[in-house]
Amino acid sequence: MLFQRKIFFISYFLALSLALIIKASHQIIGVFYLMISTFVHLFVYDILNSNQYYYYFNLGLNKTKLWISTFVIGLINFIILSVI
Amino acid sequence: MNNLHVDSITKSYNNKVVLSDVFLFCEKGEIKGLIGRNGSGKSTLLKIIFGTEKADSKFVKIGGKVIKNLSDGRNLINYLPQDSFLPNNISIKSLIYLFLDNKNRKVVLENEYVKPLLNKKKQNLSGGEIRIIEILLIIHSKAEFILLDEPFNGVSPIVKEYIVKYIKKLKLTKGYIITDHDYENVINLADSIVYLQNGFLKQINEESELIELGYITKNYLQH
């Protein structure tokens with residue numbers, strides 16, 4: 001999904017970097033991702049590019065749905081990394 | 001779904017009434033021009049109809065369907081905001097593919113203004129180029145009613161003329177509500193005009209009424 005692409009790559013890069021710096025286990029990357037993706041979503045869309053929301057609004061997606069998608073992707077990522 | 005019925009829209013900010021019991025009706029095949037001074041609440045009204053701005057009270061209905069929020073209006077109402085809404089870092093071609101269905105996509109992909117820009121990204125385009133892509137995306141979407149908020153922002157006169165003709169050509173299939181800071185653009189395009197002042201909407205039948213309302217001067221009209 002286009003909306004999540006930006007959030008995913010930036011958040012993953014930051015989560016991995018943070019995990020490497022503090023030498024955390026891969027399970028922690030999922031926790032970092034979940035937290036960081038929330039801030040990246042807020043920063044990229046609500047602060048920097050708030051008008052880009054209209055692209056998605058015109059497709060029938062409201063802010064609640066977009067926030068849920070960020071959280072669900074973070075949760076799936078967290079579950080996958082916890083299981084590995 | 002042949003008409004858009006907007007009724008009882010009231011909105012106030014910090015005890016200042018911006019919209020007071022606004023009524024608006026637009027039929028498919030009609031272009032309704034919405035004019036008013038800066039800060040009169042034109043964009044707010046369009047956003048309330050679209051569902052991205054909360055109102056103190058509102059009633060929006062398309063055909064028999066009551067539109068209470070953004071999701072209800074999916075494929076029924078689309079809105080072109082004043083400022084660019086295209087996501088960056090992705091090709092125009094991909095944005096068109098994601099936004100439009102098969103049938104409508106082809107028309108936009110083959111448009112003379114869009115075709116040379118398909119492999120470019122938003123950040124490599126001029127304001128006018130971005131605007132024409134956005135207008136075409138919105139008017140070729142599935143939505144039956146289109147809200148255009150200052151569509152001619154940053155657009156050159158020749159492209160402006162092209163857009164006016166383009167919308168007129170397609171007007172039978174959709175209903176349009178259009179605002180612009182330059183009222184001549186609205187007059188050129190619209191079948192009927194409504195004027196928003198002090199929160200109230202007034203139907204304009206003669207341009208001279210705009211002088212009485214203090215929107216334009218007599219000299220401006222003669223010009």
Side-chain angles (χ1 to χ4, degrees), chain A residues 1-20 29-30 32-78 80, chain B residues 43 46-54 67-101 104 121-123 127 130-131 133-143 145-150 153:
Chain A
M1 189 183 160
L2 176 63
F3 183 82
Q4 288 297 334
R5 205 177 66 159
K6 273 181 204 166
I7 298 171
F8 185 81
F9 287 115
I10 299 170
S11 304
Y12 228 102
F13 173 76
L14 292 173
L16 271 173
S17 307
L18 194 60
L20 281 173
I29 297 171
F32 285 162
Y33 179 88
L34 199 57
M35 290 188 299
I36 291 170
S37 61
T38 310
F39 287 104
V40 171
H41 182 139
L42 187 78
F43 187 71
V44 171
Y45 287 106
D46 289 81
I47 298 170
L48 277 186
N49 305 299
S50 61
N51 230 48
Q52 287 183 16
Y53 267 123
Y54 281 99
Y55 183 86
Y56 306 98
F57 290 163
N58 278 307
L59 292 168
L61 298 163
N62 59 25
K63 273 195 182 182
T64 311
K65 285 179 187 168
L66 294 167
W67 270 102
I68 289 171
S69 71
T70 300
F71 186 69
V72 167
I73 288 172
L75 211 58
I76 291 169
N77 184 50
F78 170 72
I80 292 169
Chain B
S43 296
L46 295 187
K47 285 177 187 170
I48 289 171
I49 298 170
F50 183 51
T52 50
E53 179 101 25
K54 284 216 163 93
I67 311 294
K68 288 183 180 163
N69 51 47
L70 192 72
S71 303
D72 291 339
R74 186 181 180 182
N75 295 335
L76 292 174
I77 313 177
N78 269 358
Y79 169 68
L80 176 82
Q82 275 185 36
D83 300 313
S84 169
F85 69 87
L86 288 184
N88 43 18
N89 297 316
I90 182 161
S91 73
I92 297 304
K93 194 176 182 178
S94 304
L95 289 175
I96 295 168
Y97 263 86
L98 291 166
F99 200 85
L100 299 174
D101 61 4
N104 294 313
K121 293 175 180 171
K122 180 190 167 184
Q123 56 268 37
I130 294 169
R131 202 59 177 163
I133 293 165
E134 291 178 338
I135 292 171
L136 290 172
L137 280 180
I138 294 290
I139 65 180
H140 281 289
S141 65
K142 281 185 188 168
F145 288 89
I146 304 293
L147 314 175
L148 300 174
D149 197 352
E150 311 246 353
N153 263 354

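The contact between A/Y56 and chain B is made entirely by side chain atoms (from C-beta outward), counting heavy-atom distances below 4.5 Å. Of the atoms belonging to A/L2, it is side-chain heavy atoms, and not backbone ones, that fall under 4.5 Å from chain B. Looking at B/I138, only its side chain comes within 4.5 Å of chain A, counting heavy atoms on both sides. Heavy atoms closer than 4.5 Å to chain A are found nowhere in B/S141, neither backbone nor side chain. Residue B/N69 does not touch chain A at all, counting heavy-atom pairs closer than 4.5 Å. Contacts of A/K6 with chain B are made by side-chain atoms alone, with heavy-atom separations under 4.5 Å and no backbone atom involved. The parts of B/P87 that come within reach of chain A are both its backbone and its side chain, each placing non-hydrogen atoms under 4.5 angstrom from that chain.
Between B/Y79 and A/F57, the distance from one ring center to the other does not fall under 6.0 angstrom.
Summarising the geometry, atom NZ belonging to B/K142 is positioned 13.5 Å from atom CG belonging to A/N58; distances are rounded to the nearest 0.5 Å. B/I90 CD1 to A/R5 CZ: the interatomic distance, rounded to the nearest 0.5 Å, is 4.5 Å.
Per-residue heavy-atom pair counts under 4.5 Å with chain A were compared for B/L95, B/D72, B/L137, and the maximum is reached by B/L95.
Across all non-hydrogen atoms, the minimal contact from A/L59 to B/R74 is O-NE, 3.2 Å. Among all heavy-atom pairs drawn from A/Q52 and B/N88, the shortest one is NE2-OD1, 3.5 Å. Minimum heavy-atom separation, B/S71 to A/G60: OG-O, 3.9 Å. The shortest heavy-atom contact between B/D83 and A/N51 is O-ND2, 2.5 Å.
Taking a 6.0 Å sphere around CZ of A/F78, one finds it holds 12 or fewer heavy atoms contributed by other residues, nucleotides or ligands.
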Checklist entry - Going through the distances and angles, do A/Y55 and B/L98 end up as a side-chain contact (heavy atoms from CB on, under 4.5 Å)? => result CA-CA 10 Å; A/Y55 183 86; B/L98 291 166; 3.5 Å; yes
Next on the checklist: Show, in sequence, the C-alpha distance, side-chain angles and deciding distance for A/K63 and B/L70, and conclude whether the side-chain contact (heavy atoms from CB on, under 4.5 Å) test is met.
Outcome noted: CA-CA 10 Å; A/K63 273 195 182 182; B/L70 192 72; over 6 Å; no
